[in-house]
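One structure is given below, encoded as structure tokens.
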Amino acid sequence: MSATMAMVGLFWIAEGDVYVGAKPSGHAPGVRLSPEAVVGLGDGQSRLHLWEDVRDLTVSGVPVKTLMRQVGAVKDLALGTVLELAMAGGSGLAGEAPPLMRVGVETADGVHELMTYVAAARGYSQTEADLSHTLLSRLTEGEATLETTLATMARWGRAREGGTPRRAEREELLREWLG
């Protein structure tokens, strides 16, 4: 059985694990939301912030889809293809790392910044970004809300087949998880 992964808003859900941004591999930076803590993953940011200490969660650097961003993505793809052909399969633009987002974890002793890669190749819809920010705030409201919300997201991830749903379904899922 292959691992099921899906992006919903700013979240990457792989089996029962919930990440902010893309699921990291190797030493890449990432942020996992476990039932016990916000976990910074990757080189230089291996940290654990217990939920009982977390006052707020914020994400900055979220690329939001705009008409100009979509035009730019098409232009970059075309330029990359031309360069690939001209260089006969040279280095190419495809090997570039995706942009990074900052996840701010506020505790009594300040805001701790963790980095994670963007999972949406062309950015997120404004609605998905807004709903995701609200959901992150909701996770800090208390243990019952946190446990119920993360458990629901993880359960959905374990039952999901077929990868990432379409935008309308992702937005509906975020609204559902907000209660």
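Nothing here was measured: the structure is a model prediction, and the numbers come from that model. Note: hydrogens, waters and symmetry copies are ignored here, and every other heavy atom, side chains too, is used. Sequential numbering from 1 along the given sequence is applied to the chain's residues.
- Using a distance-only test at 3.5 Å, with no hydrogens or angles considered, no donor-acceptor pair links the side chain of Y124 to the main chain of V118.
- Between the side chain of T116 and the backbone N or O of V20 there is at least one donor-acceptor pair closer than 3.5 Å.
- With rounding to the nearest 0.5 Å, the separation of CG in L178 from CG in L135 is 5.0 Å.
- With contacts defined as side-chain heavy-atom distances shorter than 4.5 Å, the pair S125/E171 qualifies.
- Although no hydrogens or angles enter the test, the distance criterion places no donor-acceptor pair under 3.5 Å between the side chain of T148 and the main chain of T145.
- Rounding to the nearest 0.5 Å places OG1 of T107 at 11.0 Å from CG of D56.
- Note that OG of S46 and NE2 of H27 are 10.0 Å apart. Values are rounded to the nearest 0.5 Å.
- Evaluation of the salt bridge (Lys or Arg N to Asp or Glu O under 4.0 Å) rule for E36 yields no partner, not counting sequence neighbours.
- Across all non-hydrogen atoms, the minimal contact from A154 to G16 is CB-O, 3.2 Å.
- Linking ILVMFWY side-chain heavy atoms closer than 4.5 Å, directly or via other members, places V111 and M101 in two distinct hydrophobic clusters.
- Between the side chain of E113 and the backbone N or O of V105, no donor-acceptor pair lies under 3.5 Å.
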Side chain to side chain contact (heavy atoms under 4.5 Å, CB included) between E128 and R167, intermediate numbers included: CA-CA 8 Å; E128 279 187 279; R167 183 177 54 95; 4.0 Å; yes
Verdict with supporting geometry, F11 and L174, side chain to side chain contact (heavy atoms under 4.5 Å, CB included): CA-CA 10 Å; F11 305 98; L174 289 165; 4.1 Å; yes
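- Looking at every heavy atom in both residues, G163 comes nearest to A6 through O-CB, 3.6 Å.
- Counting only N and O atoms by type, the side chains of H133 and T58 include no donor and acceptor under 3.5 Å apart.
- Panel note: side chain S132, backbone L10; a donor-acceptor pair is recorded below 3.5 Å.
- Note that CZ of R32 is 10.5 Å distant from CG of L48, once rounded to the nearest 0.5 Å.
- Summarising the geometry, atom CG belonging to D53 is positioned 12.5 Å from atom OG1 belonging to T140; distances are rounded to the nearest 0.5 Å.
- Scanning both residues, A14 and M5, for their nearest heavy atoms gives CB-CG, 3.8 Å.
- The shortest non-hydrogen separation linking A119 to G21 is CB-C, 4.0 Å.
- Using a 4.0 Å cut-off between a side-chain N of Lys or Arg and a carboxylate O of Asp or Glu, D17 and K23 do not qualify as a salt bridge.
- The line from CG of L131 to CG of L136 is 11.0 Å long, rounded to the nearest 0.5 Å.
- Of the possible donor and acceptor atoms, none in the side chain of R170 sits under 3.5 Å from a partner among the backbone N and O of G9.
- When atom types are taken as modelled, the side chain of W51 and the backbone of S34 share a donor-acceptor pair closer than 3.5 angstrom.
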Worked check of side chain to side chain contact (heavy atoms under 4.5 Å, CB included) between V8 and W156: CA-CA 11 Å; V8 179; W156 178 87; 3.7 Å; yes
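- Counting all heavy atoms, side chain and backbone alike, Q45 lies closest to L41 at NE2-O, 3.0 Å.
- In the hydrophobic clustering (ILVMFWY side chains linked at under 4.5 Å, chained through shared members), Y117 is joined by L100, M115.
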Intermediate values then yes/no, side chain to side chain contact (heavy atoms under 4.5 Å, CB included), V54 and E106: CA-CA 6 Å; V54 176; E106 183 181 333; over 6 Å; no
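- No more than 12 heavy atoms of other residues, nucleotides or ligands lie within 6.0 Å of CZ in R102, so this atom counts as exposed by the packing criterion.
- Across all their heavy atoms, H49 and L114 have their closest contact at CD2-CD1, 4.4 Å.
- E141 has a carboxylate O that lies under 4.0 Å from a charged side-chain N of R138, or vice versa, which qualifies the two as a salt bridge.
- Note on E169 versus R160: salt bridge recorded, some NZ/NE/NH1/NH2 to OD/OE distance being below 4.0 Å.
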